Student: 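Okay, here's the structure, questions in a sec.
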2 protein chains.
Amino acid sequence: MKTGALQTAMDAPRGGRPRDPQIQRAILKAAADLVLEIGFKVMSIDAVAVRAGVGRMTIYRRWPNKAAIVMDAFVARVDPGTLFIPAKNYLDSIRLQMRSMAKAFRGRDGSLIRALLAEAQFDPELATALRERWTMPRRRMAISYFEEGMRKGILRPGLDPDAIIDVLYAPIYYRLQMGTGPLSDAYIDEIFDHAMKGIKRE
Amino acid sequence: MKTGALQTAMDAPRGGRPRDPQIQRAILKAAADLVLEIGFKVMSIDAVAVRAGVGRMTIYRRWPNKAAIVMDAFVARVDPGTLFIPAKNYLDSIRLQMRSMAKAFRGRDGSLIRALLAEAQFDPELATALRERWTMPRRRMAISYFEEGMRKGILRPGLDPDAIIDVLYAPIYYRLQMGTGPLSDAYIDEIFDHAMKGIKRE
DNA sequence: ACCATACGATATGTACCGTATCGAAATAAA
DNA sequence: TTTATTTCGATACGGTACATATCGTATGGT
């Protein structure tokens, strides 16, 4: 334990009054709501406590800072989310997965991960937690899926799976943060097509 | 004037003592140094004032907040930077430009733009300023260059220039922020090759 | 019964923000 | 030369948020 990353409920203490599991959910819900309503930066921990109807110490006893709370709120929402969707053909499954991610980013999850990614630039611990709990699990799944595609002869052999991920998914994060255009399905399809066929002639 | 974006030196007042141009540079230098040494989040405006040897009011008279200072420090450094490098062949020019950008991001500029991009997620005015003063000028140049490539028959015709930009450049920003790997020339070449030839077989 | 902890509430000290004000200096206009 | 206006360093001020500490009560294990 104590991997260095941000923890959720920390280790359960030995004796004494047990923690009310209801409170955990109330805090995460309040935090997620407030991030959407007033934004991560403006939201104070005290505001979360008031909204959740708990004392501020109850929050500090469980999380070290604001980012850690939002991090837990995010993974609690998204963990049961869709990952890779089996489709009739291999390539379409990738495209649908990209669409599904874009759809999530258009909604609540988009606001949360935008705040987390930004805050992670200033907080190495949060960056580690985000990488371990969000980024890397998805990258590992994608890598094995792309390797399967190369074995099947659908994808060009000898490619670097990491680079494939970046070419396909980085644009989604880019638009999410830069706001150079909407994260529409049409945009996803364009990125998908360009990356698949290549942008060079022939 | 007053476009809503963050301003630099604001309009010069009518009479009175003129502003010392030396001070402007001292502040920007101090801010850039401090961002690198202790990080954007930790850096206080007071610390910038002390480092630059000026009063805090002298800073508030010129910039509305911390992000605006760093923004100016960034563009002051990078404006005379390389944009598109003419090379012997069309495609190699793109690749070299991507490498040049990655090189800048590996150094001082990388830390600055990382902080600016992150902070822009919480500050709509900064987001606008960053888009107008950094992102869009470069996108416009890239668009015209890619359109030229399509006219010449080097790039696949009928592509969306915006999507081309994203496939090529978003991975660079992605690595800069996610830290999933180094922004090496080898990585740039991989992204370039994958995007050019496509990752699908045939 | 006893102990350890959770819980809400409140107090505390620190840090930074953004504004206001001061006296001196520098310049343009009268 | 005089006067008005602005910059400049310095400092005081009120406000807000953070993170910790403490109090009295509640809740459960041993």
Side-chain angles (χ1 to χ4, degrees), chain A residues 1 6-31 34-35 37-72 115 119 122-123 125-126, chain B residues 6-31 34-35 37-71 115 119 122-123 125-126:
Chain A
M1 61 232 44
L6 304 177
Q7 300 294 341
T8 301
M10 302 301 284
D11 9 56
R14 315 193 169 284
R17 175 177 175 177
R19 289 183 176 168
D20 185 344
Q22 185 69 26
I23 288 179
Q24 183 93 356
R25 277 173 296 166
I27 293 173
L28 295 184
K29 177 74 160 59
L34 281 173
V35 167
E37 290 176 24
I38 64 179
F40 178 88
K41 191 70 158 291
V42 176
M43 176 183 87
S44 69
I45 292 189
D46 188 70
V48 177
V50 171
R51 171 74 67 106
V54 305
R56 203 164 58 257
M57 262 316 291
T58 304
I59 295 183
Y60 278 112
R61 199 175 293 120
R62 297 167 187 242
W63 294 276
N65 54 52
K66 196 165 55 167
I69 307 172
V70 177
M71 176 77 178
D72 275 358
E119 198 62 18
F122 308 126
D123 182 344
E125 278 205 25
L126 176 62
Chain B
L6 305 178
Q7 300 295 339
T8 301
M10 301 299 285
D11 9 55
R14 312 190 172 286
R17 175 176 176 175
R19 288 183 177 170
D20 186 344
Q22 186 67 24
I23 288 179
Q24 184 90 358
R25 278 173 295 167
I27 294 173
L28 295 184
K29 177 74 161 57
L34 281 173
V35 166
E37 289 175 24
I38 63 178
F40 178 89
K41 190 70 158 290
V42 177
M43 176 183 85
S44 70
I45 291 189
D46 189 69
V48 177
V50 170
R51 171 74 66 106
V54 304
R56 201 161 67 254
M57 262 314 291
T58 304
I59 294 184
Y60 278 113
R61 201 174 290 120
R62 297 166 188 240
W63 293 278
N65 54 54
K66 195 165 55 168
I69 306 172
V70 178
M71 178 75 177
E119 195 63 18
F122 308 127
D123 182 344
E125 278 205 26
L126 176 63

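The analysis underlying the following values was restricted to heavy atoms, covering all of them including side chains, and did not include hydrogens, waters or symmetry mates. Chain identifiers are assigned alphabetically (A, B, ...) following the order of the sequence lines, protein sequences preceding nucleic acid strands; residue numbering begins at 1 within each chain. Because the structure is predicted, anything quoted here is derived from the model rather than measured.
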Student: Would you indicate which nucleotide in C/dA6, C/dC17, D/dC8 comes nearest to any side-chain atom of A/Arg19?
Tutor: C/dA6
Student: Rounding to a whole Å, what distance do you find between A/Gln22:CD and C/dA6:P?
Tutor: 18 Å
Student: Only pairs under 3.5 Å count here: list side-chain donor-acceptor contacts from residues 38-48 of chain A, not counting sequence neighbours, and write none if there are none.
Tutor:
| residue | atom | partner | partner atom | Å |
| --- | --- | --- | --- | --- |
| A/Lys41 | NZ | B/Glu119 | OE2 | 2.5 |
| A/Ser44 | OG | A/Ala47 | N | 3.1 |
| A/Asp46 | OD1 | A/Arg56 | NH1 | 2.9 |

Student: Below 3.5 Å, does any donor atom in the side chain of A/Arg17 face an acceptor in the base of C/dA6, or the other way round?
Tutor: yes
Student: Say you draw a straight line from CE of A/Met71 to CG of A/Asp123; how long is it, rounded to the nearest 0.5 Å?
Tutor: 10.5 Å
Student: Nearest whole Å is fine: how far is C/dC17 C1' from B/Glu119 CD?
Tutor: 14 Å
Student: At what distance, to the nearest 0.5 angstrom, does CG of A/Asn65 lie from CD of A/Glu125?
Tutor: 8.0 Å
Student: Quick one: is A/Ser44 getting a side-chain N or O under 4.0 Å of the D/dA17 phosphate, OP1 or OP2?
Tutor: no
Student: Would you mind reading off the distance between B/Lys41 atom NZ and C/dC17 atom P, rounded to a whole angstrom?
Tutor: 12 Å
Student: Between C/dC17, C/dA6, C/dT21, which nucleotide gets closest to the side-chain atoms of A/Arg61?
Tutor: C/dA6
Student: Which sits closer to the 5' end of DNA chain C, B/Pro18 or B/Ile45, going by the nucleotide each is nearest to?
Tutor: B/Ile45
Student: With a 3.5 Å cut-off and heavy atoms only, can you find an N or O donor on one side and an acceptor on the other between the side chain of B/Arg56 and the base of C/dG18?
Tutor: yes
Student: Between atom CD1 of A/Ile27 and atom CZ of A/Arg51, what is the distance when rounded to the nearest 0.5 Å?
Tutor: 13.5 Å
Student: Please report, rounded to the nearest Å, how far the P atom of D/dT16 is from the CG atom of A/Asp46.
Tutor: 12 Å
Student: Indicate whether any N or O donor in one side chain lies under 3.5 Å from an N or O acceptor in the other, for B/Gln24 and B/Arg19.
Tutor: no
Student: Just report the end-to-end axis angle for the helix from C/dA1-D/dT30 to C/dA30-D/dT1, five pairs per end, to 10 degrees.
Tutor: 10°
Student: Of the nucleotides C/dT21, D/dT20, C/dG8, which one has an atom closest to the side chain of A/Ile23?
Tutor: C/dG8
Student: Using whole Å, report how far CG of B/Asp20 lies from P of D/dT6.
Tutor: 18 Å
Student: What's the shortest heavy-atom distance between A/Ala31 and A/Ile69, and which atoms?
Tutor: CB-CG2, 3.7 Å
Student: Return the value, rounded to whole Å, for the distance between atom CH2 of A/Trp63 and atom P of C/dA6.
Tutor: 13 Å
Student: Choose from D/dC18, D/dG9, C/dC17 the nucleotide whose nearest atom is closest to any side-chain atom of B/Lys66.
Tutor: C/dC17
Student: Within less than 4.0 Å of OP1 or OP2 of C/dG8, is there a side-chain N or O belonging to A/Thr58?
Tutor: yes
Student: Can you measure B/Tyr60 atom OH to D/dT7 atom P for me and round it to whole angstrom units?
Tutor: 17 Å
Student: Between B/Leu28 and B/Trp63, is any pair of side-chain heavy atoms under 4.5 Å apart?
Tutor: yes
Student: Tell me: CE of B/Met57 to C1' of C/dC22, nearest whole Å?
Tutor: 12 Å
